[in-house]
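Report on the following structure.
To find a chain, count down the sequence lines: A is the first, B the second, and so on, and within it residues start at 1.
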There are 2 protein chains.
Amino acid sequence: MTKNANSHFAYAYVRDVLTEQIRSAELAAGAQLPTERELCERFAITRPTLRQALAQLENEGLIFRQNRIGWFVCLRKLRYNPMRHISFLQYAAEQGFQPQTKVVSQEKLKPPQHIAEALQMDPRAHAVHLTRVRSVDERPVLVERLWFNPKTMPDMEQKDLSSSITGILKNDFHLKSLVFDVTVDTTCLLNPHAACLETNEGALGLKLVRVISDNKGQVFEYDEEYWRHDALQIENQATLAFT
Amino acid sequence: MTKNANSHFAYAYVRDVLTEQIRSAELAAGAQLPTERELCERFAITRPTLRQALAQLENEGLIFRQNRIGWFVCLRKLRYNPMRHISFLQYAAEQGFQPQTKVVSQEKLKPPQHIAEALQMDPRAHAVHLTRVRSVDERPVLVERLWFNPKTMPDMEQKDLSSSITGILKNDFHLKSLVFDVTVDTTCLLNPHAACLETNEGALGLKLVRVISDNKGQVFEYDEEYWRHDALQIENQATLAFT
DNA sequence: TCAGTTTATTGGTCTAGACCAAACTTAAGG
DNA sequence: CCTTAAGTTTGGTCTAGACCAATAAACTGA
């Protein structure tokens, strides 16, 4: 097969050609790519070589796969500021998406040790645990798992958790301010998160952990957010005032 | 080959075994993994299958490769808050790393159109462009490319850019406050960034874009940071006060 | 026309190599 | 002891299949 000068490997050439087709909108957002076998024929390469190229486009967040259906050009991303406090439903709607939330489970159980430690709770105690999936335009993009400290947030199993948790902290537990500690890592999505996000096991994802405390450092809530990496763009804004 | 119940594919089984060995410190941070051919023999699989498992561990940020030398368990990550303003040298040193910075190039040239637009400058004009590589413990982790708006930051080619750019904005251009707009995306590292980071082309990375303006919205600087994804953990903290 | 079954299509997983090239190790010579 | 060359080891790239399984499309019968 022929290649241009700056991508002498076959997979790199294919990756660059497809990238340019996506960037120039020759392949439109949401469009299905030709099948793997068609692309192999067109570029005169084998499927392992093609899939190396596709994997890199996938990691770049340019394409995504639907199991046994095909590869698609990614749609626009949800811009997400993990430090803001308006609800998912609100900022997704503001950006022209159609957001949805589905509770997967709510139960009271013993948390893993690292979560018990982060919550500063008795590791033998049970905590209320809420798992929910968020979608935009009927495409699941986020699995979140919330843990509530039984000491600082008692009786959570009796509250309506479909409303704002921040509201519960303010109104039911009378907090005057909250501190959010957030970390972001790349991760490999495993089941059940991968299945909830309708992606295959092993796909790249972003894991966001948020610990919510009061201003005395007492921990109330521990959240894990597993995101499809191709569905969001993290953003933030800060101001530096010179004194 | 044999596998346990929850990872019925060979590559998934290998991935999970190696993950557990890393998590339990049976494979210590920095340790070299057995060679690919040794692992193939041990697990009775072929190299493509093994490399599928290794690729997922790499995306997870658990292992990294050195070209033609071997696979290694990742060392601890630099915790990075993109919204803070202390220098890289300072927060890396605070975390017990040995930071280094190397200027790769400094030149004045016509920026790409999307950068000219972000800088709100005449697209035909030239801007000072600085490229530098940051390392910790002699391991390159970040390539940054800084563009300075010639309208708001004239004569930058005559300044000492090895010192604090923020200091230059404050002292030379008399700004009273700065606004930082930051976005974070996963990306596929290509050359020359991949080479600077001593990783192979196509490796997963994180791209962070920061636009620096004054409080009137006038843009001064446009920064692109290309990070080894396995070398950093993004963190942030915010406070929400209820009124 | 609809429901159920069958067939086809698509990506997913895997084997079994081959060969390349960067990096390291070893050996030889000055 | 140092430099250079040769050999070895390692990950990188690629071919050439095979077979699986999820999903869609097509077909058939009521």
What is the distance from CD of A/Glu41 to P of D/dA16, rounded to the nearest Å? 14 Å

When the distance from CD of B/Gln32 to P of C/dC24 is rounded to whole Å, what number comes out? 11 Å

Measure from NE2 on B/His8 to P on D/dC20 and round the result to the nearest Å. 14 Å

Which one, D/dG12, D/dT13, C/dT13, comes nearest to the side chain of B/Trp71? D/dG12

Touch check for A/Thr35, heavy atoms < 4.0 angstrom, all strands: base, sugar-phosphate only, or nothing? sugar-phosphate

C/dC14 P sits how many Å from B/Leu54 CG, rounded? 14 Å

At less than 4.0 Å, is any side-chain N or O atom of A/Thr49 found next to OP1 or OP2 of D/dT15? Yes or no. yes

Do you know which of B/Leu142, B/Thr101, B/Val104 makes side chain to side chain contact (heavy atoms under 4.5 Å, CB included) with B/Val133? B/Val104

Assuming nearest nucleotide by heavy-atom distance, tell me which of B/Arg37 and B/Gln52 is located more 5' along DNA chain C. B/Gln52

Nearest to side-chain heavy atoms of B/Phe9, which nucleotide of C/dT13, D/dT13, D/dG12: C/dT13

I'd like to know if A/Arg47 reaches the base of C/dG12 with its side chain, counting only an N/O donor and acceptor under 3.5 Å. yes

Nucleotide C/dA22, atom P - distance to CG of B/Asn191 in whole Å: 13 Å

Charged N to carboxylate O under 4.0 angstrom, A/Glu60 versus A/Arg23? yes

Can A/Glu235 and A/Lys77 be counted as an ion pair, charged N to O under 4.0 angstrom? no

Lys/Arg N to Asp/Glu carboxylate O, A/Arg51 vs A/Glu58, below 4.0 Å: no

Between B/Arg139 and B/Asp230, is there a salt bridge with N-O shorter than 4.0 Å? yes

Between A/Arg65 and C/dG12, is there a side-chain N or O to OP1/OP2 distance below 4.0 Å? yes

In whole angstrom, give the distance that lies between atom CG of B/Leu50 and atom P of C/dT13. 15 Å

Measure from the side chain of A/Asn67, starting at C-beta and using heavy atoms only, and say which of C/dC14, D/dC14, C/dG12 lies closest. C/dG12

Find which nucleotide of DNA chain D each of B/Gln66 and B/Pro48 is nearest to by heavy atoms, and output the residue with the more 5' nucleotide. B/Gln66

I want to verify a distance call: between C/dG12, D/dG12, C/dA23, whose nearest atom is closest to the B/Ile69 side chain? C/dA23

Please state how far atom CZ in B/Arg51 lies from atom P in C/dT13, giving the value in whole angstrom units. 17 Å

Nearest-Å distance for atom pair CZ/P, residues A/Arg15 and D/dC14: 11 Å

